[in-house]
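So that the names make sense, note that chain A is the first sequence line, chain B the second, and so on, each numbered from 1. Note that the structure is predicted; figures quoted are calculated from it, not measured.
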There are 2 protein chains.
Amino acid sequence: MLTVAIQPQSELDTSQGLSGIAGLRGAVVRTGVKPSGALDLALLVAEEPMSAVGVFTRNAVAAAPVSLCRERLASDARIRSIVINSGNANALTGAQGFTDAERMIETLESRCGGPGLVMSTGVIGVPLPVDRVCDGIERASESLTDSFEPGVPEAILTTDKRVKMASTDLRMQRGTFRVGGVAKGSGMIHPNMATMLAVVATDAPADAAILRPMLGDAVDASFHEISVDGDTSTNDAVVLLARQPWTDAPDLTPSEREAFEIAVTRVCRSLADQIVADGEGATRVMDVEVCGAASVGDANAIATSIACSALVKTALAGGDPNWGRILAAAGNAGVALAAETVALSLGDQVVFRWGEPAPVDAAALRALFAANRVAVRLDVGMGEAVGRRQTTDFSKEYVAINADYTT
Amino acid sequence: MLTVAIQPQSELDTSQGLSGIAGLRGAVVRTGVKPSGALDLALLVAEEPMSAVGVFTRNAVAAAPVSLCRERLASDARIRSIVINSGNANALTGAQGFTDAERMIETLESRCGGPGLVMSTGVIGVPLPVDRVCDGIERASESLTDSFEPGVPEAILTTDKRVKMASTDLRMQRGTFRVGGVAKGSGMIHPNMATMLAVVATDAPADAAILRPMLGDAVDASFHEISVDGDTSTNDAVVLLARQPWTDAPDLTPSEREAFEIAVTRVCRSLADQIVADGEGATRVMDVEVCGAASVGDANAIATSIACSALVKTALAGGDPNWGRILAAAGNAGVALAAETVALSLGDQVVFRWGEPAPVDAAALRALFAANRVAVRLDVGMGEAVGRRQTTDFSKEYVAINADYTT
């Protein structure tokens, strides 16, 4: 766990993702799986196998590619190639889904070298058009060049409106490296992951034992803090790749390790921010901070209850500072709470404390709720623990997007 | 717990609520608390104190009237009069809220006799205009006549579009009685109650010890099965009143008790049905049944996860039989589940079993999802337990209603 505050994110570059990572190449292709004919398949191929760890969905009906990734990263934490297809999630597709995902990996490894991984996103419960996809892998592999293909962030999108990229420099005693990542996701976004795929990679050297806790902490502080619709998808996956340690190189020093974790966390946090800002139908983002809770679990439960409340999210859509709904949602978290000890602020305005409403400037409050970003802070008054969630509003457009997204 | 199936509801009368209960009178008035000037206060007054029990919200920040009701029904399970005001929930209103609720009861008892109860529904976090409300209690008490005021179901509504009433005959060996009830609620509707008020009364004799488990079971099988928006309000309350037992009358026989519980459950279930059908912005109702679960808790957790999924509810709004979202939501319930053992049906069509999608008639499936009422049945394949939830769709109108409902 990080003990220092994350530095200001001024040095983050959101115009580049994986393109600056030494030794990593990418390629993209159109397979026709997306009815629109858009880019829908990306390859990532490293010069030689990289250290690799992953965090995956906790959904009980995880998709075939997720199960395969879990198995592979458990038995051999090294990866040389990844194929990501969009438009079909290969989820709830039975034994055929596993066969199809395995065939994708076989095709990938034979063309690009292994060990390989497969990630899929898109519609659930529809058999994967595996011939088209494998043909796409072959064509993409032929188009690999020494320069990184800039279409990768686009080729992994589904209902997203914008590509998500972030990268930063990682300065360590042994040299300066690059950490970068790409992500997709705008629906089924909820703590414990989402229809959300992210690949973060670095040319800095580290083995899986170093990377695993680092990714866990980084995901807790980023992707696990965001919620768009309260649904956790069948396909969520975040993979972190790093150059394998050089033989005889000294272990990372504590300060090197800290710099490493800060860089990974900042990239993950930026990608998570970009996901929530691109949430389906989102017109506004709410940052929920719950402090003064008896435990981190309590703080997160209360923050989640607020961030997932349909009534809070529709009030946010309407720009309506209906703070009664926020407190009612907090009261539904299944956590002991007393109206007498809580204090609720919207932006810089305290709206409730000492068991009763505080006098407010109604016009200022309304202006605050009409902004693109709304800060909600609830002090529970019971302890020291803090939890955070970011969420989007439930707009009419959210309904339109999800009522019409085809099966 | 009931061991017999609930009889078909043909004898239920939804055109009457409390009006046929011997000895119970009602009155209504406009206090001006509702900006529209609609009816917003109702009194229920019995000839003499009745046995009374209640079930209340589990929200940690319950409103003042809920706290007062809990206290009063715990210390003395008899009630002679009830005041219900709509337009202001007197929730999150601090010490003043308690003072105001107590003043409402004092006014009620001095005019109509006690013990009295108070129930409030409407906007949260706004001080109650208590002078207006108490003036309304006085005026309403003056208008009490021998006939039951038909405006009672209307006077307790907030965002509801329709009044909710149900009544039925209760035939016991000792005579035939009437069980009837009124309810309100269309938002903040979620298991463990909702911004939902219901009063069910009967002229049949029973003491609180008989009524308490009866109401608990009836609520579990009705109001606790419905979800509109996943939010549990600060003010939920269901109160059951019965004539006090005659002195020296024999105890209820087992068959009388069963008839009694069936009648109360049928009235509660009808009121719950009416609430969900009038859910905010609802264009369609989904009946979720989860069977074959290892425990009732598991079955209910899975059913709730499906019924509360924004993605399932928006698919329902779009008439889109996107069953992958239903299985994904089931997988998010925090309950062990295996795709290989589940079977999912929409209406009479099996869409998923043996770990894979079943061949379906796509046109029939779409027609089924375009109906007013959609049945979803998930067999978990792990045991014998069953759980049910009814829910509504998330429509654009739902968003419009809740984005604009004023603070």
Novice: In terms of heavy-atom pairs under 4.5 Å with chain A, which of B:G355, B:P127, B:G331, B:G319 leads?
Specialist: B:G331
Novice: Can you tell me which residue among A:D278, A:T158, A:T159 is in a side-chain hydrogen bond (donor to acceptor under 3.5 Å, both in side chains) with A:K184?
Specialist: A:T158
Novice: Hey, what do you get for NE2 (B:H224) to CZ (B:R389), rounding to the nearest 0.5 Å?
Specialist: 9.0 Å
Novice: Nearest 0.5 Å, please: how far is CH2 in A:W323 from CG in A:L378?
Specialist: 11.5 Å
Novice: Who wins among A:A315, A:S395, A:A63 for the most heavy-atom pairs under 4.5 Å with chain B?
Specialist: A:S395
Novice: What part of B:V351 gets closer than 4.5 Å to chain A, counting heavy atoms only: side chain, backbone, both or neither?
Specialist: neither
Novice: Please classify the contact of B:A95 with chain A as side chain, backbone, both or neither, using a heavy-atom distance under 4.5 Å.
Specialist: both
Novice: Have A:N332 and A:S305 got a donor and an acceptor in their side chains that come within less than 3.5 Å?
Specialist: no
